[in-house]
Amino acid sequence: MGSTWAWRKSSASGAQDNDCVEIAWTGKTVLVRDSARTRGAVLAVGPDAWGAFLSSFACPSPRDVTSARP
């Protein structure tokens with residue numbers, strides 16, 4: 001599974017580092033794998049779950065930060 005997908009790795013991991021994850025979009029599912037073990041296990045998640053995961057890392061808007069202050 002996944003050998004034909006275009007895998008992408010974060011540019012933050014550097015060109016020679018293999019300590020990152022890679023993702024691929026199949027058109028229906030987001031695939032996630034360890035970039036150091038490309039033949040290892042692959043996690044498949046739906047686009048809604050992937051979007052929720054990414055949103056959990058989103059920076060709060062300035063309005064959210066301001067309203068959270070005591």
Side-chain angles (χ1 to χ4, degrees):
M1 178 168 141
S3 62
T4 60
W5 308 118
W7 291 91
R8 298 176 54 193
K9 183 168 65 171
S10 170
S11 60
S13 67
Q16 297 177 354
D17 294 336
N18 280 335
D19 55 349
C20 196
V21 294
E22 297 174 319
I23 63 166
W25 171 244
T26 69
K28 294 181 181 178
T29 305
V30 176
L31 305 176
V32 183
R33 69 180 181 186
D34 183 343
S35 63
R37 300 180 62 213
T38 59
R39 294 181 176 254
V42 174
L43 174 67
V45 297
D48 291 341
W50 183 250
F53 174 71
L54 294 179
S55 293
S56 71
F57 296 104
C59 294
S61 71
R63 189 178 81 193
D64 293 339
V65 172
T66 304
S67 65
R69 290 182 182 166

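Everything numeric in this text was worked out from a predicted model, so none of it was measured.
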_Going by ring-ring contact (aromatic ring centres under 6.0 Å, His included), name the pairs with one or both residues in residues 25-46, residues two or more places apart or in two chains._
none

With a 3.5 Å cut-off and sequence neighbours excluded, list the donor-acceptor pairs that the side chains of residues 41-58 form with protein atoms.
| from | atom 1 | to | atom 2 | distance (Å) |
| --- | --- | --- | --- | --- |
| Ser55 | OG | Gly51 | O | 2.9 |
| Ser56 | OG | Phe53 | O | 2.5 |

*How long is the span from the NZ atom in Lys9 to the SG atom in Cys20, to the nearest 0.5 Å?*
6.5 Å

*For Thr26, enumerate each residue passing the side chain to side chain contact (heavy atoms under 4.5 Å, CB included) test, keeping only those at least two apart in sequence or located in another chain.*
Trp5, Lys28, Thr29, Leu31

*Distance-minimising heavy-atom pair for Trp7 and Glu22*: CZ3-O, 3.6 Å

